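First the structure, in the form of structure tokens, and then the observations on it.
Just follow the structure's listing: the first ligand is 1, and inside any ligand the first atom is 1. These numbers come from a predicted model, not from an experiment.
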Amino acid sequence: MSLTPKQIELIKATVPVLRENGVALTGYFYNRMLNNHPELKEVFNLGHQRSGAQARSLAGAVLAYAENIENPSVLASAIELMAHKHVSLEIQAPDYQIVGSNLLHSISEVLSIPMDDPLIEAWAAAYGQLAEVLISTEKAIYDEHAQTQGSWLGWRTFKIAKKVVENSEITSFYLQPTDGGALPHYKAGQYISVRVLVEELGLKQPRQYTLSDSPKTDHLRISVKREDPKGELAGGWVSNTLHGLNEGDEIEVTAPTGNFFLIDSTKPNVFISGGVGLTPMIAMLNQLVDANIPAPVSFIHACRNAEVHAMKPHVDAVKARFDHVKSFTAYEQGNEGDADVIGRLDLHQLPRELLPTLADYYLCGPLYFMQAQYKTLLELGIAKEQIHLEAFGTGGVQLS
Ligand SMILES: Cc1cc2nc3c(=O)[nH]c(=O)nc-3n(C[C@H](O)[C@H](O)[C@H](O)COP(=O)(O)OP(=O)(O)OC[C@H]3O[C@@H](n4cnc5c(N)ncnc54)[C@H](O)[C@@H]3O)c2cc1C
Ligand code: HEM
């Protein structure tokens with residue numbers, strides 16, 4: 001259904017109200033929806049609910065949509081991100097009815113506007129339009145999964161075939177489908193969703209994990225950082241549950257998806273990661289190495305110290321085999337000589353040969369880390385279009 005000029009006007013008039021009330025509104029909306037549909041507690045990330053991140057993220061999406069109501073195409077990349085996330089969580093078209101109805105009732109209740117007010121009708125039309133775009137984008141991804149050899153729809157049971165401790169906080173899990181079937185040749189950089197029972201909640205919870213290796217025929221590998229309690233904050237539910245599981249235990253997994261992946265293996269590629277953000281970079285590096293690609297690769301990594309430097313032996317072994325693979329490491333703490341730099345990563349300090357002008361740049365790590373590297377890359381003259389970002393939280397990466 002397309003919006004009338006009057007409805008567009010009403011939506012645009014709502015932007016300042018949304019700016020002021022957006023987070024409160026979506027917080028109210030989540031509580032309302034999860035009370036009415038407790039089954040969705042196993043779909044949504046309750047960790048984001050407890051930190052407020054999801055409320056901020058949905059508010060952000062609604063606001064961005066309202067601001068761009070006359071030209072929704074500017075949201076194309078945000079739509080792709082949401083659609084892959086939704087597909088990874090098995091969100092289906094009928095779920096949009098539930099979200100839509102709860103969202104509209106929440107706007108009505110929070111702003112004290114009757115449901116038959118033209119403003120609510122305008123929002124119903126706007127929501128319907130956005131939902132339609134998402135549903136059709138998601139359908140295309142589901143269709144692709146259905147047609148990809150070895151891929152699948154829905155939750156598939158995998159056995160933890162092997163656990164490998166990478167360092168004091170990151171452990172790799174080698175996952176094999178219990179049905180013994182084939183696996184897809186996914187794009188290095190993509191992620192899966194994993195669902196486990198969180199004892200403390202008495203509920204299953206899904207989370208996304210990037211596949212940390214190039215595609216293999218008999219297993220998928222993820223590498224999970226255990227989120228320990230920090231001060232007042234409790235530890236992470238799913239990462240701790242996973243670390244507590246044993247080889248032979250089973251978990252549920254959705255098919256690899258995501259729009260952050262190695263685009264062009266013939267160009268120079270620069271991988272810049274912070275902490276556990278190295279998982280997609282290792283997958284992409286391995287894909288290049290498997291294919292014996294001669295194009296230059298810079299593997300730039302920052303972490304707290306040597307103790308939490310994951311997969312260093314692997315990267316060193318790759319470098320020893322291939323002259324065109326170079327690395328640069330920054331440790332926040334350590335002794336001179338432990339890493340190329342002791343202190344925070346500052347790309348200005350790198351030899352320029354590690355940052356070729358025509359390379360593709362891949363960035364993943366904590367938000368402040370990505371924001372800092374993105375800014376420096378622009379200062380170094382790298383075009384925005386060459387910089388690709390993956391956020392391990394929700395809501396994408398706000399770059400300004
Ligand atoms: C596309 C994608 C790929 C990812 N890939 C990887 C990967 O390869 N490896 C990896 O380790 N992770 C990855 N992640 C992150 C992963 O999905 C989880 O978010 C992460 O493991 C934490 O989940 P959790 O259930 O353990 O923590 P949650 O229970 O979700 O908690 C999240 C954080 O909040 C803190 N917290 C607890 N209470 C509060 C509170 N009251 N207020 C605020 N904060 C609180 C917790 O200590 C924890 O650090 C990825 C995420 C995405 C979106
Ligand atoms: C027009 C409707 C919708 C909009 C605008 C929207 C928007 C978003 C956005 C912006 C994200 C964060 C993406 C990211 O940063 O990775 C997200 C994630 C998510 N969405 Fe939606 N969404 C919509 C519909 C739905 C529906 C119908 C469901 C299912 C009932 C749903 C369930 C989820 C879940 C489970 C996540 C993962 C993050 C989390 O659990 O915190 N969404 N959505």
For the student: nearest non-hydrogen atoms of Tyr142 and Ile91, plus distance
OH-O, 2.6 Å
Heavy atoms only: which of Met82, His84, His86 is nearest to atom 22 (N) of ligand 2?
His86
Under a 4.0 Å N-O cut-off, is there an ion pair linking Glu353 with Lys326?
no
Using a 4.0 Å heavy-atom threshold (strictly under), name the region of Lys230 that reaches ligand 1: side chain, backbone, both or neither.
side chain
Looking only at heavy atoms, which two atoms of Leu104 and Met115 are closest? And how far apart?
O-SD, 3.8 Å
At a 4.0 Å threshold, what atoms of ligand 1 neighbour a non-hydrogen atom of Gly47?
30 (O)
Closer than 4.0 Å to some heavy atom of Val99 - which atoms of ligand 2 meet that?
26 (C), 27 (C), 28 (C), 30 (C)
Between the CH2 atom in Trp237 and the CD atom in Glu199, the distance rounded to the nearest 0.5 Å is 14.0 Å
Ignoring hydrogens, just give me the one of Arg207, Lys225, Glu169, His48 whose non-hydrogen atom is nearest atom 30 (O) of ligand 1.
Arg207
Under 4.0 Å from one or more heavy atoms of Asn45, ligand 2 contributes atoms 39 (C), 40 (O), 41 (O)
Which ligand 2 atoms are under 4.0 Å away from a heavy-atom of Leu89?
34 (C), 35 (C), 36 (C), 37 (C)
So between Val194, Leu81, Thr210, whose heavy atom ends up nearest atom 5 (N) of ligand 1?
Thr210
Out of the candidates Lys230, Lys225, Arg226, only one should pair with Asp228 under the salt bridge (Lys or Arg N to Asp or Glu O under 4.0 Å) rule; please name it.
Arg226
Heavy-atom check, side chain of Ile222 versus side chain of Thr279, under 4.5 Å:
no
Find all atoms of ligand 1 within a distance of less than 4.0 Å from any non-hydrogen atom belonging to Thr279, and give their numbers and elements.
7 (C), 8 (O)
Can you name the nearest heavy-atom pair linking Asp338 to Tyr331, along with the distance?
O-CE1, 3.5 Å
Within less than 4.0 angstrom of ligand 2, does Ile98 place any heavy atom?
no
Salt bridge (Lys or Arg N to Asp or Glu O under 4.0 Å) partner of Glu252, chosen from Arg156, Arg195, Arg207:
Arg195
Which of the atoms in ligand 2, numbered in the order shown and given with their element, are less than 4.0 Å from a heavy-atom of His48?
39 (C), 41 (O)
So is Val276 close enough to ligand 1, meaning a heavy atom under 4.0 angstrom away?
yes
Within-shell test, Glu232 vs ligand 1, heavy atom, strictly < 4.0 Å:
no
Atoms in ligand 2 flagged as close to Asp95, the criterion being non-hydrogen separation under 4.0 Å:
27 (C), 29 (C), 30 (C)
Looking only at distances, please establish whether an N/O atom of ligand 2 is found under 3.5 Å from an N/O atom of Lys85.
yes
Would you say Gly277 contacts ligand 1, with heavy atoms under 4.0 Å as the rule?
no
Given Gly236, Gly235, Ala234, identify the one with the heavy atom nearest to atom 47 (O) of ligand 1.
Ala234
Under 4.0 Å from one or more heavy atoms of Leu130, ligand 2 contributes atoms 1 (C), 5 (C)
Proximal ligand 1 atoms for Val224, defined as those under 4.0 Å from one of its heavy atoms:
11 (O)
Under 4.0 Å from ligand 2, counting heavy atoms only, is it the side chain of Tyr127, its backbone, both or neither?
side chain
Can an N or O of Ser223 be found at a distance shorter than 3.5 Å from an N or O of ligand 1?
yes
With clusters built from Ile, Leu, Val, Met, Phe, Trp and Tyr whose side-chain heavy atoms come within less than 4.5 Å, directly or transitively, what are the remaining members of the cluster of Tyr362, listed by chain and number?
Phe260, Leu262, Ile263, Phe271, Leu278, Met281, Ile282, Met284, Leu285, Leu288, Val289, Ile293, Val297, Phe299, Met311, Val315, Val318, Phe322, Val325
Looking at Arg304 and Glu169, does any basic side-chain N land under 4.0 Å from a carboxylate oxygen?
yes
Quick one: CG on Leu40 to CD1 on Ile98, what's the gap to the nearest 0.5 Å?
5.5 Å
Identify, by atom number and element, the atoms of ligand 2 in contact range of Leu134, meaning under 4.0 Å from any of its heavy atoms.
1 (C), 2 (C), 3 (C), 4 (C)
Is there a heavy atom in Arg226 that sits closer than 4.0 Å to ligand 1?
no
Should you measure from each heavy atom of Val43, which atoms of ligand 2 turn up under 4.0 Å away?
35 (C)
Pull out every atom of ligand 1 sitting under 4.0 Å from any heavy atom of Tyr191, numbered as shown with elements.
1 (C)
Taking distance alone, with no angle check, do Ala391 and ligand 1 share an N/O pair under 3.5 Å?
no
From Leu355 atom CG to Tyr361 atom OH, the distance as rounded to the nearest 0.5 Å:
4.5 Å
Thr171 and Val164, any side-chain heavy atoms less than 4.5 Å apart:
no
For Val238, the ligand 1 atoms with a heavy-atom partner under 4.0 Å come out as 24 (P), 25 (O), 26 (O)
Minimum heavy-atom separation for Leu354 and Ser327, please, with both atom names.
CD1-O, 4.3 Å
Atom NE2 of His145 and atom OG1 of Thr257: how far apart are they, to the nearest 0.5 Å?
3.5 Å
Record the part of Ile91 in heavy-atom contact with ligand 2 below 4.0 Å; permitted values are side chain, backbone, both and neither.
side chain
Where Tyr96 and Tyr127 come nearest, the two heavy atoms and their spacing
O-OH, 2.8 Å
